[in-house]
Amino acid sequence: MSQDLFALVDCNNFYASCETLFRPKLRGLPIVVLSNNDGCVVARSKEAKLLGIKMGVPAHQIAMMVKQHNVVMFSSNYALYGDISNRVMTTLEDMAPSVEVYSIDEAFLSLGGLGKASDIVSYGLDIRERIQNWVGITVCVGVSTTKTLAKLANRAAKAYPATGGVVDLTDRQRQRKLLAITPVEEVWGVGRQLSKKLHDLGIHTALDLADTDLKTLRKQFSVVLERTARELSGESCLELQEVVSTKKQIVCSRSFGARVEGVAELREAISSYTVRASEKLRAGNQLAKQITVSIRTGYFNPNEPSYSNMASTTLAVPTDDSSKLCKAANGLLEKLWRPGYRYAKAGVMLADLYDQNVVQEDLFAPQASVARSTLMATLDGINKGRHGKVFLGAQGVKQGWRMHRQYLSPSYTTQWLDIPKV
DNA sequence: TCTGGGGTCCTAGGACCC
DNA sequence: TCTGGGGTCCTAGGACCC
C-alpha cells in the first residue's frame, strides 16, 4: 500500500473574506471582525494585519487606529460564515474521495491516488482556482504524509507568497528544512503552556521536537505530545475522520451586553440559552440527561467583587424538551444566584447525551412524550432560519442582557430580505 | 465603559469493589 | 510495631484547537 497523503485546505482570512464577498468596494481596506458581544478581534484582513492589529485584542483598544486608518469593523455574522463555509466544503467534496471538515474554514482531504510531485502541486492549484471561481474565497493548500505536517505545509503556503498558495511537503529533506525554521509553538497541538515547558528543556524548533526521544516526551508530557512528535517525523498517527462523530456535550454561553444583577433577568438569559441548546440537541437527534448552569461576574475588573459558580443536575430520563430542561436549569440558577454581584456572563451545558433512537422510552408516559416531541418539532419548524420567532415566556421580552452586535452585516445568503439586488 | 464561544481529549485522583 | 493489591468507573481540571 502506498503511503498516506493528506492535504489541508484552509481559507485565507476567512471571516474578513466573507464580509467582502458581497461588498467588493471593501476589498483592499483594513477589515476586522469582532467576537460575540463586539468584544475582541477574531479575524483580520491582510491590510488589517499589516497595520499591526493583533488577534484577540479588545475592540476598545484599537479605537484610535480604527479612526486613523478607516478600519472597517464587523460584528461576527455566523449565519453568513456558516453558509459560505458550506459552499467551500461542498466544492471540496466534489474534488476529493474523502473530506474531513475540520473547522468552519478548513478541511483535510485524503489524496490516495496521487503519487508524483507534479500531480500534487497541480491538484492543489486546481482546488485553489475552483474555490476562487465558484465561491469567491481564496484558500491555501498544504500536502504531506501526516496531518501535522500538512498543517505545517499549509502555514508555509500562507507565509510565502512565492509558493503560489500550494506547498508539497512530501519530500523528507524538505520536511526537515521547514521543521528547522519553524518555532515549536507554531506546531499544531503545541500551545502556550507546552511551548514554555519545551523551551525550558531546550526544545525550540519543530525539528528539535521531532528529534526528541519519544519515551521522554511521554513521561514528561503525555501521549498527545508524543503523537505530535511522531507525526512531525513522518509517522502518521491521526486518521482522516470523515464521519462527523456525535456530540458529547452542547454548550450555549454568552457574555451580556450590559451587566445583570437581578435573578429575574438572569432567569430570562438562562432560559434563552437552554432553549438554544435544546434546539441544537434536537437538530442532532439527541437527548440529554445532564444539565449544568454557570454564572460569573467580569474577569477583568479587579475592583469589582467577583463570583463564579456552576451547578449541575441529572434528570431521571434523558429529554430534548425545552421546557423540561428550562425548569431544571432555573432550579440550578436559584441555587447559584447571590445578590450584590454584577453578572457578566452565563452559560448552559447539556451533557450525558443519548441517541434519540436508542434511548429507553419512559414506560409510564408514552403518549405525553409523543405529544411533546411533536410540539418541539413544530417550534423548530417555525423558528427555522431566524431563531426566536416563537419562544417560552420564561425567555422574556425585553431581554436587556442581549449581546451587542453593533456592526452586523446583512445575512446575504440566508435571509430573503438581505439578498443583494443587482 | 468596553476583553468570545464551542468543542475535544487526556490525566490524576477518589470511590468503590473483590 | 505491624495494616495489600489490583482493577474499574467517574469527575474535575487542564491542555489544546479554531
Side-chain angles (χ1 to χ4, degrees), chain A residues 8 10-11 13-15 32-43 54-64 66 73-78 81-82 85 100-108 147-148 151 154-155 184-198 217-228 237-238 241 244-259 273 276-277 280-281 284 289-290 292 294 296-304 308-312 314 342 344-353 403-407:
Chain A
L8 179 64
D10 191 315
C11 302
N13 316 320
F14 184 59
Y15 294 172
V32 299
V33 178
L34 304 177
S35 65
N36 270 340
N37 220 24
D38 294 340
C40 51
V41 173
V42 293
K54 296 271 184 275
M55 189 74 171
V57 296
H60 64 92
Q61 278 179 17
I62 58 166
M64 284 292 285
V66 167
M73 285 204 290
F74 286 99
S75 305
S76 21
N77 184 344
Y78 288 102
Y81 313 150
S85 172
E100 172 188 343
V101 177
Y102 177 70
S103 75
I104 193 162
D105 73 335
E106 59 191 306
F108 286 103
K147 281 182 162 182
T148 307
K151 270 269 188 188
N154 192 289
R155 289 190 70 98
V184 73
E185 54 269 25
E186 286 184 18
V187 172
W188 188 41
V190 179
R192 279 253 290 283
Q193 307 300 319
L194 283 177
S195 29
K196 224 194 309 175
K197 277 173 84 177
L198 287 169
L217 285 179
R218 183 171 208 143
K219 222 192 242 160
Q220 301 213 13
F221 299 90
S222 74
V223 287
V224 186
L225 194 64
E226 182 197 347
R227 207 150 51 200
T228 300
C237 306
L238 302 168
Q241 303 205 299
V244 271
S245 49
T246 53
K247 283 210 180 71
K248 289 167 185 153
Q249 55 174 228
I250 290 170
V251 176
C252 181
S253 70
R254 298 260 183 294
S255 299
F256 302 131
R259 292 283 210 272
Y273 301 170
R276 182 72 196 106
K280 293 190 207 171
L281 191 66
K289 199 167 180 197
Q290 201 197 37
T292 302
S294 61
R296 65 167 309 132
T297 54
Y299 299 83
F300 299 102
N301 189 346
N303 303 319
E304 212 179 305
S308 153
N309 207 351
M310 55 168 67
S312 41
T314 303
R342 297 169 64 238
K345 183 177 180 175
V348 171
M349 180 169 92
L350 304 178
D352 201 358
L353 306 183
M403 65 182 179
H404 291 145
R405 291 212 281 178
Q406 200 185 332
Y407 313 104

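Protein chains get the first letters and strands the later ones, always in sequence-line order, with residue 1 at the start of each. These numbers come from the heavy atoms of this one structure, side chains and all, not from hydrogens, waters or symmetry mates. Small disclaimer: the values here were computed from a predicted structure and weren't measured.
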When you compare B/dT3 with C/dC17, how far apart are their P atoms, in angstrom units rounded to a whole number?
25 Å
Nearest-nucleotide 5' precedence on DNA chain B, A/V251 against A/N37
A/N37
Under a 3.5 Å distance rule, please check whether A/K147 uses its side chain to pair with a backbone N or O of A/C237 as donor and acceptor.
no
A/Y273 and A/F256 aromatic ring geometry - parallel, tilted or perpendicular at 30°/60° bounds:
parallel
As a test of reading the structure: which of B/dC9, B/dT3, B/dT11 is closest to the side chain of A/S222, going by heavy atoms?
B/dT11
Do any N or O atoms from the side chain of A/N37 and from the backbone of A/H404 form a donor-acceptor pair under 3.5 angstrom?
yes
Could you tell me whether a side-chain N or O of A/D352 sits under 3.5 Å from a main-chain N or O of A/K289, the two making a donor and an acceptor?
no
Please report the distance, rounded to the nearest Å, between CG in A/D38 and C1' in B/dT1.
14 Å
Of all the nucleotides listed (B/dC10, B/dG6, B/dC2), which has the minimum atom distance to the side chain of A/R259?
B/dC2
A/Q241 backbone acceptor or donor facing A/E100 side chain under 3.5 Å:
yes
Every protein N/O lying under 3.5 Å from an N/O of nucleotides 13-18 of chain C:
unit_1: C/dC16; atom_1: OP1; unit_2: A/G191; atom_2: N; d: 3.1
unit_1: C/dC16; atom_1: OP1; unit_2: A/G191; atom_2: O; d: 3.3
unit_1: C/dC16; atom_1: OP1; unit_2: A/R192; atom_2: N; d: 3.4
unit_1: C/dC16; atom_1: OP1; unit_2: A/Q193; atom_2: N; d: 3.2
unit_1: C/dC16; atom_1: OP1; unit_2: A/L194; atom_2: N; d: 2.8
unit_1: C/dC16; atom_1: OP2; unit_2: A/Q193; atom_2: N; d: 3.4
unit_1: C/dC17; atom_1: OP1; unit_2: A/G189; atom_2: N; d: 2.9
unit_1: C/dC17; atom_1: OP1; unit_2: A/V190; atom_2: N; d: 3.3
unit_1: C/dC17; atom_1: OP1; unit_2: A/V190; atom_2: O; d: 3.4
unit_1: C/dC17; atom_1: O3'; unit_2: A/W188; atom_2: NE1; d: 3.4
unit_1: C/dC18; atom_1: OP1; unit_2: A/K151; atom_2: NZ; d: 2.7
unit_1: C/dC18; atom_1: O3'; unit_2: A/S103; atom_2: OG; d: 2.9
unit_1: C/dC18; atom_1: O3'; unit_2: A/D105; atom_2: OD1; d: 3.1
unit_1: C/dC18; atom_1: O3'; unit_2: A/E106; atom_2: OE2; d: 3.2

Proximal nucleotide (of B/dG7, B/dG5, B/dC10) relative to the A/R254 side chain
B/dG5
Once you measure the plane-to-plane angle for A/Y81 and A/Y15, does it fall in the parallel (<30°), tilted (30-60°) or perpendicular (>60°) bin?
parallel
Classify A/R227 by what it touches in the nucleic acid, base, sugar-phosphate, or nothing, heavy-atom distance under 4.0 Å.
sugar-phosphate
Which whole-number value in Å describes the distance from A/L238 CG to B/dC9 C1'?
12 Å
Distance, rounded to the nearest Å, where A/K147 contributes NZ and B/dT8 contributes P:
15 Å
Atom CG in A/L34, atom CG in A/N77: separation rounded to 0.5 Å?
12.5 Å
Whole-Å distance between B/dG5 P and A/Q249 CD?
15 Å
Between A/T228 and A/V224, is there a donor-acceptor pair closer than 3.5 Å when you use the side chain of the first and the backbone of the second?
yes
Stems involving DNA chain B: give each as a range paired with a range, ordered by first number, where a stem means at least three consecutive Watson-Crick or G-U wobble pairs under 3.5 Å.
B:5-18 with C:5-18
For DNA chain B, find the residues of residues 55-64 of chain A with a heavy-atom distance under 4.0 Å and give them by number; none if there aren't any.
A/P58, A/H60
Going by atom types only, do A/D38 and A/S75 share a side-chain donor-acceptor pair under 3.5 Å?
yes
Check whether A/T297 reaches the backbone of A/R342 with its side chain - one donor and one acceptor, N or O, closer than 3.5 Å.
no
Taking the side chain of A/F300 as its heavy atoms from C-beta onward, which of B/dC10, B/dG7, B/dT3 lies nearest to it?
B/dT3
Salt bridge flag under 4.0 Å for residues A/K219 and A/E226
no
When you measure from the side chain of A/N36, which nucleotide among B/dG7, B/dT11, B/dG4 comes out closest?
B/dG4
Rounded to whole Å, please give me the gap between CD in A/Q290 and C1' in C/dA12.
12 Å
Between A/K247 and A/S35, who's closer to the 5' end of DNA chain B by nearest nucleotide?
A/S35
Atom OH of A/Y78 and atom C1' of B/dG4: how far apart are they, to the nearest Å?
7 Å
Are A/F74 and A/Y407 an aromatic pair by the rule of ring centers under 6.0 Å?
no
Give the rounded distance in Å between these two atoms: OH of A/Y273 and P of B/dG5.
8 Å
Mind checking whether A/V348 and A/T292 have side chains closer than 4.5 Å, heavy atoms only?
no
Against the side chain of A/V42, the closest entry in B/dT8, B/dC10, B/dG4 is B/dG4
Which whole-number value in Å describes the distance from A/L225 CG to B/dC10 P?
13 Å
OP1 or OP2 of B/dT3 sitting under 4.0 Å from any side-chain N/O of A/S255?
no
